[in-house]
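What follows is a structure written as structure tokens; I'll ask about it next.
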Amino acid sequence: MSKQFTRSEVAKLSNKDKTLIILHDKVYDVTSFLNEHPGGEEVLLDHSGIDGSEDFDDVGHSTDAFDLMTKYQVGELVESEKTGNLPKKTWAKDHFKSNKTNQGENQGMPTTMVVSILAVLAAIVYFVYL
Ligand code: HEM
């Protein structure tokens, strides 16, 4: 079972040498990630010892970011302090939405297939009549 923290413990444990952040009821130690974070260390330091879930969601982190996060998880909040809020995968949603609005582009796919099929048929006809 992963280590349980209260919100005040996370706040107390965070200092200039250690950056703990609460994201969606889980606790992350991002100390070693500070200068690797593509969004810069400043935003992580701004959320040191507190719950950064909302801002994290607003940024709309990618699935790559979610995969990376598991590496830095050190525990979770005690049951009584959990919000139960799941991460909003904004990026994934936006991606889905933009796919919907790009229907014109999506319809391009079958056209390519039709052209390929016609090309194959033309080749067959060419060889049959040779
Ligand atoms: C363990 C925690 C975190 C991890 C592993 C992480 C990882 C990443 C990664 C991989 C990116 C590159 C873009 C992407 O793939 O989505 C990114 C960008 C960013 N992150 Fe984080 N992040 C974390 C926490 C946070 C927090 C708490 C904030 C607070 C607001 C934040 C703000 C940002 C911003 C502003 C960007 C730049 C977005 C852009 O340039 O479009 N991140 N992060």
Side-chain angles (χ1 to χ4, degrees):
M1 205 176 83
S2 73
K3 193 168 163 21
Q4 310 262 304
F5 294 85
T6 62
R7 287 176 187 272
S8 68
E9 273 167 356
V10 173
K12 272 189 215 137
L13 287 167
S14 303
N15 52 46
K16 67 173 174 46
D17 299 317
K18 198 173 186 68
T19 308
L20 296 181
I21 301 182
I22 302 164
L23 297 170
H24 307 105
D25 299 338
K26 291 179 178 147
V27 180
Y28 298 88
D29 182 341
V30 291
T31 316
S32 63
F33 180 61
L34 288 178
N35 48 26
E36 286 170 39
H37 183 222
E41 65 174 350
E42 203 57 43
V43 281
L44 296 181
L45 292 172
D46 281 350
H47 295 82
S48 181
I50 60 169
D51 194 326
S53 310
E54 214 172 302
D55 293 332
F56 178 88
D57 280 349
D58 286 347
V59 172
H61 283 81
S62 69
T63 41
D64 279 355
F66 281 92
D67 289 344
L68 191 63
M69 284 169 79
T70 54
K71 214 171 113 183
Y72 300 99
Q73 193 187 338
V74 289
E76 57 183 358
L77 288 180
V78 291
E79 220 48 52
S80 60
E81 294 193 9
K82 284 186 178 175
T83 61
N85 290 342
L86 291 172
K88 289 196 201 97
K89 292 196 178 177
T90 341
W91 177 85
K93 267 199 239 151
D94 286 348
H95 189 67
F96 178 67
K97 270 193 226 142
S98 72
N99 268 352
K100 275 185 130 180
T101 50
N102 280 347
Q103 272 182 2
E105 249 178 65
N106 286 345
Q107 282 164 2
M109 275 298 285
T111 314
T112 322
M113 276 169 67
V114 169
V115 170
S116 317
I117 292 165
L118 283 176
V120 171
L121 284 177
I124 292 169
V125 169
Y126 179 77
F127 282 111
V128 167
Y129 286 94
L130 253 188

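Indexing begins at 1, ligand by ligand and atom by atom, following the structure's order.
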Original post:
Excluding sequence neighbours, so at least two apart, what forms salt bridge (charged side-chain N to carboxylate O under 4.0 Å, His left out) with E81?
Top reply: none
Original post:
According to the salt bridge (Lys or Arg N to Asp or Glu O under 4.0 Å) rule, which pairs have a member within residues 41-56, sequence neighbours left out?
Top reply: R7-D51
Original post:
Hey, does the side chain of T19 reach the backbone of V30 with a donor-acceptor pair shorter than 3.5 angstrom?
Top reply: no
Subject >> Donor-acceptor under 3.5 Å (N85 side chain, H24 main chain) >> reply: no
Subject >> Pairing residues for Y72 by the ring pair (Phe, Tyr, Trp, His ring centres under 6.0 Å) criterion, not counting sequence neighbours >> reply: F33
**OP:** Show the protein residues that qualify under the rule heavy atom under 4.0 Å from an atom of ligand 1, listing them in chain and number order.
**Re:** L23, V30, F33, H37, P38, G39, V43, L44, H47, D55, F56, V59, H61, S62, A65, M69
**OP:** Return yes if some donor-acceptor pair links the side-chain N/O of D25 with the main-chain N/O of G84 below 3.5 Å, else return no.
**Re:** yes
